Amino acid sequence: MTERTTPRARGGAAPGARVQDAPAPGGPGRQDDDSGRTVLLRGGEVHSPADPFATAMVVERGTVAWVGSEGAADAFADGVDEVVHLEGALVTPAFTDAHVHTTATGLTLTGLDLTSARTLSEALDLVRAHAAAHPADPVLLGHGWDTTGWPERRPPSRAELDEAAGGRPLYLSRIDVHSAVVTTALLDRVPGVTGRPGCHADAPLTADAHHAVRAAALASVGPAQRAAAQRAALARAASLGIGSLHECAGPAISSEDDFTGLLALAAETAGPRVVGYWAEAATSAADLDKVRALGALGAAGDLFVDGALGSHTACLHQPYADATHTGTGYLDAAAVGAHVAACTEAGLQAGFHAIGDAAVSTVIEGVRAAADTLGLARVRAARHRVEHAEMLTPETVAAFAELGLTASVQPAFDAAWGGEDGMYAQRLGRERARTLNPYAALLRAGVPLALGSDSPVTPLDPWGTVRAAAFHRTPEHRISVRAAFTAHTRGGWRAIGRDDAGVLVPGAPADYAVWQTGELVVQVPDDRVANWSTDPRSGTPGLPDLTPGGPLPVCLRTVVGGRTVYRRPNE
């Protein structure tokens, strides 16, 4: 399936010329600044609850004005500025990735990416090659090593990294970004680091030691390099049909300059919208002045209550299956409660990073204490968030529903580390691992879901994310493709308090993507097997067949607020 575009003067004849391909955000050349124009898309499939059989859509001044049938589209054809002939392509709302680290994503895209390394020696070879290719970098930055699939089953030692980097400062974050291996030269840049919690003689840095060294490493990234990384990440997102990103920043993750620079770049550049969260704990409304000054929507995102399972830092009620401890806790219930109360009274969203079951319990205890003080209705109305929320029980799922918490989740985590022999099973044992990421239970309880990637932890990949939720490695946790798609489009908007967006209906923002895909189907969830229906009598808009092993849809065009921010070359 393809699309072609025909510009039209009002009431005039179509010249039949295809519009010049637009570059990705930040790239050279002209952007399609068509946000003020009236555009008719026709001859495809428009995914809209307003009309399950829609084949056409009109966009006017950045807003969806009409959706309907091909026959009815004739009435608009002579009164628009432009006609897009879809030629069978699918139009959907643009995706929202509800948890992203934009600069880190861009640095991975443009720099040292270790996610492809299959062995320790391959990882060290990649370090050597990167060091040789970047002789002027003050600190070498890399990401993505994961020993769970390596035959050596261990990370590189400091001596091995010193040799591979030629004695230069080097920072390599683990795939979950909650631990890192570094060279001696980088450690020497952080006075007193050896006395901080999480600093080990020859093992990955965790906790406070990791945060301090990461800050020193990222401080080496200058404004030009940072902006280039941000542009690369935004361009990649646009090319995948992502119209909005939720940037999860904070003092333990990035910097104020990084955060404000990203928000400014997104506001000035034709690309995805960026909604910013700043993860700094508060105890009073005055503490939140910085959050407002930075332009953040809330004091949320990665406000760490614990770490990650892969790094043995997620906080558990019972010890790890492959370690003798229960992980690391950063905030207690009193701190959580104080933060939620302050944010609620200030009219801001609160949110927390919580993965382990003990961390999730801490969040619930704290939010409930705030609700007891301020009233449940006020706390629910604020739509506070919990990022990741992996280790849940029926009781904690019910508490999420009671307290009105949004679960901002990453299905690609299960695709990468779930299953009987995956990393989760190694860390927790198979029985506990099977309970992780219970999306079906969350939806049944009425808990709002917002899907994301946590990029660069897992890549920006919206259709892959929907597939991972629909084909969860634990069958009882699977949800329908339709539910997952909704959580990855409208769910992200609802998570920021917008119920009028993320769906193609009249009056909604014209954030949409055009896709080349195969036959559209309607998934019918079943306890035993995922069935598919193409019966049009269902009255349900179809979506691509995401059965594992099949091709994913290809993005032809991404539009944000009526403005084309990506067009696939030669389409």
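For reference, positions follow the sequence shown, starting with 1. Model, not experiment: these values are computed from the prediction. Keep in mind that the numbers below use all heavy atoms, side chains included, and drop hydrogens, waters and symmetry copies.
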Student: When rounded to the nearest 0.5 angstrom, what is the spacing between CZ in F485 and OG1 in T92?
Tutor: 4.0 Å
Student: Apply the side chain to side chain donor-acceptor pair (under 3.5 Å) test between N437 and each candidate in R473, Q410, H477, E390; give the one that qualifies.
Tutor: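 Result: among R473, Q410, H477, E390, E390 is the only option passing the side chain to side chain donor-acceptor pair (under 3.5 Å) with N437.
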Student: Can you find a pair of side-chain heavy atoms, one from R292 and one from L348, that are under 4.5 Å apart?
Tutor: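 Yes - at least one pair of side-chain heavy atoms lies under 4.5 Å apart.
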Student: Mind running ring-ring contact (aromatic ring centres under 6.0 Å, His included) on Y330 and H353 for me, showing each step along the way?
Tutor: CA-CA 10 Å; Y330 297 114; H353 163 119; 8.3 Å; no
Student: Mind checking side chain to side chain contact (heavy atoms under 4.5 Å, CB included) for R273 and listing every partner two or more places apart, or none if nothing turns up?
Tutor: S244, W493, P509, D511, V560
Student: Is there a side-chain contact between L234 and L245 (heavy atoms, below 4.5 Å)?
Tutor: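 With C-beta onward as the side chain, the pair touches.
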Student: CZ/R385 to CD1/I496 distance, rounded to the nearest 0.5 angstrom?
Tutor: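 Taking CZ in R385 and CD1 in I496, the distance rounds to 8.5 Å.
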Student: Taking C-beta and beyond as the side chain, do V67 and V505 meet within less than 4.5 Å on heavy atoms?
Tutor: no
Student: With rounding to the nearest 0.5 Å, note down the distance linking OG1 in T313 to CD1 in I355.
Tutor: 7.5 Å
Student: Is E402 salt-bridged to R368, cutoff N-O under 4.0 Å?
Tutor: yes
Student: What heavy-atom pair brings S255 and D258 nearest, and what distance separates the two atoms?
Tutor: OG-N, 3.0 Å
Student: Taking the side chain as everything from C-beta on, heavy atoms only, tell me whether T406 gets closer than 4.5 Å to V386.
Tutor: no
Student: If we only count heavy atoms from C-beta on, is the L218 to Y171 side-chain gap below 4.5 Å?
Tutor: no
Student: Do we see a donor-acceptor contact under 3.5 Å between the side chains of Y277 and H99?
Tutor: no
Student: Would you say D146 and T148 are linked by a side-chain donor-acceptor pair, where the criterion is simply a distance under 3.5 Å?
Tutor: yes
Student: Assess whether side chain to side chain contact (heavy atoms under 4.5 Å, CB included) is satisfied between R196 and V213, documenting all intermediate values.
Tutor: CA-CA 11 Å; R196 289 176 177 260; V213 173; over 6 Å; no
Student: Strictly by modelled atom types, are H210 and S179 linked by a side-chain donor-acceptor pair under 3.5 Å?
Tutor: no
Student: Looking at A233 and T102, what are the two nearest heavy atoms and their distance?
Tutor: CB-O, 3.4 Å
Student: Are more than 12 heavy atoms, taken from residues, nucleotides or ligands other than R482, located less than 6.0 Å from that residue's CZ atom?
Tutor: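 No.
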Student: Return the CD1 to SG distance between I242 and C555, rounded to the nearest 0.5 Å.
Tutor: 9.5 Å
Student: Does Q318 CD have over 12 foreign heavy atoms under 6.0 Å away?
Tutor: no
Student: To the nearest 0.5 angstrom, please state how far the CD atom of E280 sits from the NE2 atom of H339.
Tutor: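 Here the rounded value is 9.5 Å.
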Student: Given side chains that start at C-beta, do those of W463 and L543 come closer than 4.5 Å, heavy atoms only?
Tutor: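 SC-SC contact between W463 and L543 confirmed.
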Student: Here's a test for you: under side chain to side chain donor-acceptor pair (under 3.5 Å), which of T465, T458, D461, D97 qualifies with S453?
Tutor: D97
Student: Check whether any side-chain heavy atom of L443 sits under 4.5 Å from a side-chain heavy atom of L449, and report yes or no.
Tutor: yes
Student: Quick one: OH on Y439 to CD1 on I479, what's the gap to the nearest 0.5 Å?
Tutor: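 Between Y439 OH and I479 CD1, I get 8.0 Å after rounding to 0.5 Å.
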Student: For residues L263 and V274, determine if any side-chain heavy atom of one lies less than 4.5 Å from a side-chain heavy atom of the other.
Tutor: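 Contact flag for L263/V274 side chains = yes.
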